[in-house]
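Since this is a predicted model, take the numbers as computed values, not measurements. Just follow the structure's listing: the first ligand is 1, and inside any ligand the first atom is 1.
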Amino acid sequence: MGRRCGRHPRENQTLRWIADLAGWPASAGGVFVAGGTLGNLSALHAAREWHRRYRPCEGCGAILCSSEAHSSIQAVARVMNVAVIAVEADETGRMTAQDAIPHLSEAVFAVVANGGAPNCGAVDDIAGLADLAQAHGLWLHVDGAYGGAALAAPAMRPAFDGIERADSLIVDPHEWLFAPYDNCALLYRDAGHGAAAHGQQAVYLDTVDKTHWNPSDYALHLTRRARGLLLWYSLAVHGTEAYAEAIATTRQVAEDIAKGIDATPGLDLLLDPQLTVILFRPQNMDEAEMIAWGEMVFRLCIVNPATRADEVLAILETLT
Ligand SMILES: Cc1ncc(COP(=O)(O)O)c(C=O)c1O
């Protein structure tokens, strides 16, 4: 941990753990914010400021993302008064760089890649999108609010190849890192870009020692509480290996449930789980019943390693 981070060593150790999983250099850093929505907003504001600095643009008016991006990207765009260009995801829910290329325009300043899409769990083609961002001078943000936890499991890390070249990342530990609500890790590969966008100046703040790391500088906030301690404490007690195992176990449970659904007469597995989201449909429901349930597709998202596949499958049998 660099000297700059010395003032908030525990939160910054936790952020450093995530930065290491992403393969980011010592320049990386960030802060814990209230949730993924605020994390996405802070990252995308930093993206636009960065873009404006090196390439003053008329518009700086559009974010490119997948049609499977979380609703918070739309919310962020409304707050920032920019457009969202949604690229149709492929049949697995994944956005590829090839599909994104035709949608690029002068207005685009950032690409948002899903690191675990909320509806289907897809991880976008991060390596291809990193190439694209590099070639066109765009910021690449990875929304790993749910799926970023998978970085901790070595077997799943390859799905995120290219993340080492992303500019920002969020991971919401309440989703799949077994932490309570209200702490989202927001990281920049070069923390300086976060500070350039978010650092506040005021006479009464002049007494704050600007030579030290100040977590207030990395998101849309000033006064804050030390949210990151929740995850730090659990990591310190259980160790990072326990996290890797718990995430791998969760993934295995999701695979076992998906296989069980596939083998159950009367249930249709609609998508092989990419992380731990399982989409399926009972065959015997007519359209009216489906509509009464409110969805044509049933979704399970497994985030607890103690969930048992046999118990879930026993419940699902009752749908057939
Ligand atoms: C992929 C993704 N991004 C962003 C969010 C928004 O996070 P929050 O509810 O913490 O604002 C979520 C929440 O489910 C999510 O799954």
Using the six-membered ring wherever Trp is involved, compare the ring planes of Trp50 and Trp139 and label them parallel, tilted or perpendicular (cut-offs 30° and 60°).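 Because their plane-to-plane angle is over 60°, the rings of Trp50 and Trp139 count as perpendicular.
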
Which class fits the ring pair His51 and Tyr54: parallel under 30°, tilted 30 to 60°, perpendicular over 60°? perpendicular

Ala22 backbone acceptor or donor facing Arg157 side chain under 3.5 Å: yes

Looking at Arg251 and Asp256, is there a salt bridge between them, counting it only when a charged N and a carboxylate O are closer than 4.0 Å? no

Do Glu11 and Arg224 meet the salt-bridge criterion of a basic N to acidic O distance under 4.0 Å?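 Judged by the 4.0 Å cut-off on N to carboxylate O distance, Arg224 and Glu11 do form a salt bridge.
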
Above 12 or not: heavy atoms from other molecules or residues under 6.0 Å from CD of Gln98? no

Report every pair formed by an N or O atom of ligand 1 and a protein N or O atom separated by less than 3.5 Å, giving atom names and the distance to 0.1 Å.
unit_1: ligand 1; atom_1: 3 (N); unit_2: Asp143; atom_2: OD1; d: 3.1
unit_1: ligand 1; atom_1: 3 (N); unit_2: Asp143; atom_2: OD2; d: 2.7
unit_1: ligand 1; atom_1: 7 (O); unit_2: Gly36; atom_2: N; d: 3.3
unit_1: ligand 1; atom_1: 7 (O); unit_2: Asp172; atom_2: OD2; d: 3.3
unit_1: ligand 1; atom_1: 10 (O); unit_2: Gly36; atom_2: N; d: 2.8
unit_1: ligand 1; atom_1: 10 (O); unit_2: Asp172; atom_2: OD2; d: 2.8
unit_1: ligand 1; atom_1: 11 (O); unit_2: Gly36; atom_2: N; d: 3.3
unit_1: ligand 1; atom_1: 11 (O); unit_2: Thr37; atom_2: N; d: 2.9
unit_1: ligand 1; atom_1: 11 (O); unit_2: Thr37; atom_2: OG1; d: 2.7
unit_1: ligand 1; atom_1: 14 (O); unit_2: Glu175; atom_2: OE2; d: 3.0
unit_1: ligand 1; atom_1: 16 (O); unit_2: Glu175; atom_2: OE1; d: 3.4
unit_1: ligand 1; atom_1: 16 (O); unit_2: Glu175; atom_2: OE2; d: 3.3

